[in-house]
Undergrad: 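Pasting a structure here, questions to come.
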Amino acid sequence: VQLQASGGGLVQAGGSLRLSCAASGRTFRSYVVGWFRQAPGKEREFVAAINWSRGSTYYADSVKGRFTISRDNAKNTVYLLMNSLKPEDTAVYYCALDPRGFGASSWSWDYWGQGTQVTVSS
């Protein structure tokens, strides 16, 4: 499985960006695609995830109400729409895939894409 993340950039606080994660290669019956981020000097943290077959979504508390994760079946792509961006959202954003599609407590992120930089200026 190959994951290609894109859409990062520089935006002012309060602005919006949409990240894309295009998946190719091996397919799975049910899987979960997640977004993570890592700021300089900090550990990688979970941002959001979507169960591809069920459409159920999950968010970190820090982004709930501002970020929206969605999928496009035809394009095999997951999007992360980020609104009301804050300087603390600045990080490299990664997408990842769990090929089993079970509940959040069982996630195993076996596949990772390259990161895309998001910078929010104050």
Side-chain angles (χ1 to χ4, degrees):
V1 175
Q2 291 79 42
L3 301 174
Q4 182 73 35
S6 61
L10 173 64
V11 64
Q12 288 188 333
S16 300
L17 279 176
R18 190 181 76 161
L19 305 183
S20 301
C21 178
S24 61
R26 181 182 175 185
T27 59
F28 302 93
R29 181 174 300 178
S30 179
Y31 54 95
V32 179
V33 176
W35 284 98
F36 294 76
R37 65 187 182 187
Q38 187 166 20
K42 294 188 177 181
E43 293 187 355
R44 187 175 298 184
E45 65 174 356
F46 169 79
V47 175
I50 185 166
N51 183 299
W52 191 271
S53 58
R54 301 173 189 170
S56 48
T57 58
Y58 309 82
Y59 296 94
D61 288 342
S62 59
V63 306
K64 204 170 292 184
R66 299 189 298 124
F67 291 10
T68 302
I69 190 169
S70 62
R71 71 196 191 294
D72 184 326
N73 289 355
K75 296 182 178 180
N76 225 22
T77 298
V78 170
Y79 301 101
L80 183 69
L81 177 61
M82 306 184 294
N83 293 325
S84 302
L85 282 163
K86 306 175 182 179
E88 50 263 44
D89 293 318
T90 295
V92 178
Y93 284 70
Y94 301 88
C95 59
L97 186 145
D98 161 36
R100 281 160 285 278
F102 296 147
S105 61
S106 303
W107 288 340
S108 176
W109 304 103
D110 292 356
Y111 303 93
W112 290 83
Q114 89 296 352
T116 185
Q117 176 71 47
V118 172
T119 303
V120 184
S121 63
S122 57

Undergrad: Return all side-chain donor-acceptor pairs below 3.5 angstrom for residues 3-14, not counting sequence neighbours, or 'none' if the list is empty.
TA:
none

Undergrad: Would Leu17 and Tyr94 show up in the same hydrophobic cluster when neighbours are defined by side-chain heavy atoms closer than 4.5 Å?
TA: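 Per the 4.5 Å side-chain linkage, Leu17 and Tyr94 are not co-clustered.
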
Undergrad: Does a donor on one side chain sit under 3.5 Å from an acceptor on the other, for Ser53 and Asn51?
TA: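 The answer is yes; a qualifying pair exists.
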
Undergrad: Could you state the interatomic distance from CZ (Arg71) to CG (Asn73), rounded to the nearest 0.5 Å?
TA: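 Rounded to the nearest 0.5 Å, the CZ-CG separation comes to 5.0 Å.
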
Undergrad: With sequence neighbours left out, what residues match Glu45 under side-chain hydrogen bond (donor to acceptor under 3.5 Å, both in side chains)?
TA: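 Result, side-chain hydrogen bond (donor to acceptor under 3.5 Å, both in side chains) vs Glu45: Arg37.
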
Undergrad: Kindly give the cluster partners of Phe102, where membership spreads through any ILVMFWY side chain lying under 4.5 Å from a current member.
TA: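 None; Phe102 is a cluster of one.
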
Undergrad: Using 4.0 Å as the upper bound for N to carboxylate O, is an ion pair formed by Asp89 and Lys86?
TA: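 Salt bridge flag = no for Asp89 with Lys86.
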
Undergrad: Which pairs pass ring-ring contact (aromatic ring centres under 6.0 Å, His included) with one or both residues in residues 44-66, sequence neighbours excluded?
TA: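 Applying ring-ring contact (aromatic ring centres under 6.0 Å, His included) to every pair that reaches into residues 44-66, excluding sequence neighbours, yields Tyr31-Trp52, Phe36-Phe46, Phe46-Trp107, Tyr58-Trp107.
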
Undergrad: Under the side-chain hydrogen bond (donor to acceptor under 3.5 Å, both in side chains) rule, collect the residues that match up with Asp110, sequence neighbours excluded.
TA: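 So Asp110 forms a side-chain hydrogen bond (donor to acceptor under 3.5 Å, both in side chains) with Arg100, Ser108.
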
Undergrad: Mind checking the CG-CZ spacing from Leu80 to Phe67? Nearest 0.5 Å is all I need.
TA: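 Result: 6.0 Å between the selected atoms.
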
Undergrad: Under 6.0 Å from the ring centre and within 45 degrees of the ring axis: does the NZ or CZ of Arg44 meet both conditions for the six-membered ring of Trp35?
TA: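 Judged by the rule, Arg44 and Trp35 form no cation-pi pair.
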
Undergrad: For Lys42, what residues pass the salt bridge (Lys or Arg N to Asp or Glu O under 4.0 Å) criterion, not counting sequence neighbours?
TA: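 Lys42 satisfies salt bridge (Lys or Arg N to Asp or Glu O under 4.0 Å) with no other residue.
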
Undergrad: Is there a path from Val118 to Val33 through hydrophobic residues (I, L, V, M, F, W, Y) whose side chains come within less than 4.5 Å of each other?
TA: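 Yes, it is one cluster - the side chains of Val118 and Val33 are joined through contacts under 4.5 Å.
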
Undergrad: Could you tell me whether the side chain of Asn76 and the main chain of Ala23 form a donor-acceptor pair under 3.5 Å?
TA: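 Flag set: sc Asn76 to bb Ala23 pair under 3.5 Å.
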
Undergrad: Count I, L, V, M, F, W, Y as connected when their side-chain heavy atoms are under 4.5 Å apart, and connections chain through other members. Are Ile69 and Val92 then in the same cluster?
TA: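 Ile69 and Val92: separate clusters.
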
Undergrad: Is a side-chain donor or acceptor of Arg54 paired with a backbone partner of Ile50 at a separation under 3.5 angstrom?
TA: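 Pair absent, no side-chain N/O of Arg54 close to backbone of Ile50.
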
Undergrad: Does Val120 offer a backbone N or O that forms a donor-acceptor pair with the side chain of Thr90 under 3.5 Å?
TA: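 Looks like yes, one N/O pair under 3.5 Å.
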
Undergrad: Might you point out which heavy atoms bring Val32 and Gly101 nearest each other, and give the distance in Å?
TA: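 Closest approach of Val32 to Gly101, heavy atoms only: CG2-CA, 3.8 Å.
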
Undergrad: Nearest 0.5 Å, what's the CZ-CE distance between Arg18 and Met82?
TA: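 That separation rounds to 11.5 Å.
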
Undergrad: So how far is it from Tyr93 OH to Cys21 SG, rounded to the nearest 0.5 Å?
TA: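 SG of Cys21 is found 14.5 Å from OH of Tyr93.
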
Undergrad: So which atom in Tyr79 and which in Asp72 form the shortest heavy-atom distance, rounded to 0.1 Å?
TA: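 Tyr79 and Asp72 have their closest heavy atoms at CE1-CB, 3.8 Å.
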
Undergrad: Search all heavy atoms of Pro99 against all heavy atoms of Tyr111 and return the closest pair with its distance.
TA: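 Here Pro99 and Tyr111 meet closest at CG-CE1, 4.1 Å.
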
